[in-house]
Amino acid sequence: MKLKNKVAIITGSTSGIGLGMAKGLAAEGATIVLNGFGDSQEIENNRKSIEEMGVECIYNGADMTKPDEIRAMVTEAKEKFGHVDIVVNNAGIQTVSPVEDFPEEKWEAIIAINLSSAFYTSRAVVPMMKEQGWGRIINLASAHGLVASPFKSAYVAAKHGMVGFTKSIALELAEENITVNAICPGYVHTPLVDGQIADTAKARGISEDAVVKDVLLKLQATKKFVTVEQLAEMAVFLCSDAAENITGTSLAVDGGWTAQ
Ligand code: NAD
């Protein structure tokens, strides 16, 4: 149990990669703060199934577009558990559209949820991490934090921003025993990807099968979707002592996509 006595907040953990990260960290003994939207019964079932792994798990429904709610989530975790040691900034949304038609409110929401929320969580937890002399901040960027695709202007901008933010605060915190890294996955089959298959088919005028084969997995050299479990293992490793000298980096888990 590498993470016994550690408390981890994972934003956007009611689904997909975030839920997988929560389970992966819980399996190593971490106390978990779940966050995100969704059906309340389903969220409660996920919370209970994490508690059945032998750790404490609470749910906080903070909206990642609202700095006050983000601060309140960190405060709740601190009041309940005494400390926060790990933050996984994972909440994210996507919209696929030509730039001239890109809905303005979607641009604002993507920048807020996929980028600015990481600033607000970090701002809230760093004083605590400095005081305790240990911390791990893991930012879910994307292969789209390293390279671009058309029709994803807001997402690519936010994810490139996440990589830059990661580097900057990693340097600030390097001597505090706090590491900050970005994980850059290729395509993972989650509800977020399911949603964009139809949109991409429309934007490019091709079938949904063609989107999976010729767009999503075209550059993923392994021709396999990355799995949630593989990303959770990466997060556990970044939280381990073996990773204390890994900071400010962007770890591609993308089936060879960005090697090209
Ligand atoms: P998902 O849609 O399955 O999950 C997204 C989570 O974010 C959900 O829990 C949702 O409730 C939450 N969320 C959305 N808006 C929120 C808000 N305003 N406040 C709080 N929570 C909110 O998506 P996913 O595929 O698991 O993606 C997770 C992260 O991984 C995202 O940042 C995404 O950009 C990144 N990513 C995904 C892929 C992929 O192929 N799926 C690839 C690279 C990076």
Side-chain angles (χ1 to χ4, degrees), residues 9-24 32-40 42-43 46-47 59-74 87-96 105-106 108-118 120-121 138-149 152 154-163 165-166 182-197 199-200 211-212 215-220 224-232 234-235 250-255 257-258:
I9 297 176
I10 303 102
T11 72
S13 47
T14 51
S15 166
I17 296 169
L19 183 57
M21 294 267 173
K23 289 181 175 163
I32 300 296
V33 180
L34 284 178
N35 161 261
F37 299 152
D39 175 70
S40 56
E42 201 177 310
I43 293 171
N46 283 325
R47 195 194 65 74
Y59 166 71
N60 181 296
D63 179 342
M64 289 299 115
T65 64
K66 303 208 165 99
D68 284 352
E69 294 188 16
I70 295 173
R71 279 189 282 274
M73 175 177 68
V74 172
V87 173
V88 182
N89 289 307
N90 165 82
I93 58 167
Q94 173 67 286
T95 293
V96 180
E105 68 284 3
K106 293 285 186 194
E108 299 294 344
I110 289 173
I111 299 299
I113 297 166
N114 297 21
L115 176 59
S116 302
S117 71
Y120 288 108
T121 58
I138 298 172
N139 293 327
L140 256 292
S142 166
H144 282 124
L146 305 170
V147 294
S149 299
K152 295 184 175 177
Y155 188 86
V156 170
K159 296 299 186 182
H160 275 66
M162 190 73 128
V163 168
F165 176 68
T166 299
I183 298 180
C184 297
Y187 283 101
V188 189
H189 212 159
T190 66
L192 180 136
V193 165
D194 266 344
Q196 64 186 283
I197 291 175
D199 290 351
T200 303
V211 170
V212 172
V215 181
L216 300 191
L217 297 183
K218 184 177 174 206
L219 292 173
Q220 215 146 299
K224 287 179 190 156
F225 281 104
V226 176
T227 70
V228 162
E229 291 75 18
Q230 288 162 354
L231 297 172
M234 174 64 88
S250 306
L251 295 152
V253 185
D254 65 1
W257 172 354
T258 56

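When a ligand or atom number is given, it counts from 1 through the structure's own listing order. What you see below is based on every heavy atom in this structure, not just the backbone, and it leaves out hydrogens, waters and symmetry mates.
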Is a side-chain N or O of [X] found less than 3.5 angstrom from the main chain of [Y], in a donor-acceptor match?
X	Y	answer
Gln220	Gly255	no
Asn90	Leu140	no
Thr14	Ile43	no

Any idea which protein heavy atom is nearest [atom], and the distance to it?
atom	value
atom 22 (C) of ligand 1	Ala91 CB, 4.0 Å
atom 21 (N) of ligand 1	Gly36 CA, 3.6 Å
atom 42 (C) of ligand 1	Gly186 O, 3.1 Å
atom 35 (C) of ligand 1	Tyr155 OH, 3.8 Å
atom 6 (C) of ligand 1	Gly12 O, 3.4 Å
atom 40 (O) of ligand 1	Val188 N, 2.7 Å
atom 32 (O) of ligand 1	Asn90 O, 2.7 Å
atom 3 (O) of ligand 1	Ser15 OG, 2.6 Å

Yes or no: does [X] have any heavy atom under 4.0 Å from an atom of ligand 1?
X	value
Ser13	yes
Gly20	no
Ala62	yes
Phe225	no
Lys159	yes

For residues [X] and [Y], determine if any side-chain heavy atom of one lies less than 4.5 Å from a side-chain heavy atom of the other.
X	Y	answer
Val193	Leu216	yes
Ile32	Leu34	yes
Val212	Ile197	yes
Ile10	Asn35	no
Val228	Lys23	no
Gln94	Asp199	no
Tyr187	Gln196	yes
Phe37	Met64	no

Contact partition for [X] relative to ligand 1, non-hydrogen atoms under 4.0 Å:
X	value
Thr11	neither
Thr190	side chain
Ala141	backbone

Does the N or O separation between [X] and ligand 1 drop below 3.5 Å for any pair?
X	value
Asn114	no
Thr14	yes
Phe37	yes
Ala143	no
Tyr187	no

- Derivation and outcome, side chain to side chain contact (heavy atoms under 4.5 Å, CB included), residues Asn89 and Val87: CA-CA 6 Å; Asn89 289 307; Val87 173; 3.6 Å; yes
Please list, in number order, the atoms of ligand 1 under 4.0 Å from a heavy atom of [X].
X	answer
Asn35	20 (C), 21 (N)
Val193	39 (C), 40 (O), 41 (N)
Asp63	17 (C), 18 (N), 19 (N)
Pro191	3 (O)
Ile113	15 (N), 18 (N)
Ile93	14 (C), 15 (N)
Gly16	3 (O), 26 (O)

- Item | Minimum non-hydrogen distance to atom 19 (N) of ligand 1, winning option of Met64, Gln196, Met162, His144 | Met64
- Restricting to heavy atoms, the pick from Leu140, Leu192, Leu216 nearest atom 2 (O) of ligand 1 would be Leu192
- Task: Describe, in one word, how the ring planes of His144 and Trp257 are oriented to each other, choosing from parallel (under 30°), tilted (30 to 60°) and perpendicular (over 60°).
- Result: perpendicular
- Applying ring pair (Phe, Tyr, Trp, His ring centres under 6.0 Å) to Tyr59 and not counting sequence neighbours gives none
- Query: Checking side chain to side chain contact (heavy atoms under 4.5 Å, CB included) for the pair Phe225/Leu217: CA distance, chi angles, key distance, verdict?
  - Reply: CA-CA 7 Å; Phe225 281 104; Leu217 297 183; 4.0 Å; yes
- Criterion side chain to side chain contact (heavy atoms under 4.5 Å, CB included) on Thr258 and Cys184, from CA distance to verdict: CA-CA 10 Å; Thr258 56; Cys184 297; over 6 Å; no
- Does the pair Val226 and Met234 meet the rule for a side chain to side chain contact (heavy atoms under 4.5 Å, CB included), with working shown? CA-CA 12 Å; Val226 176; Met234 174 64 88; over 6 Å; no
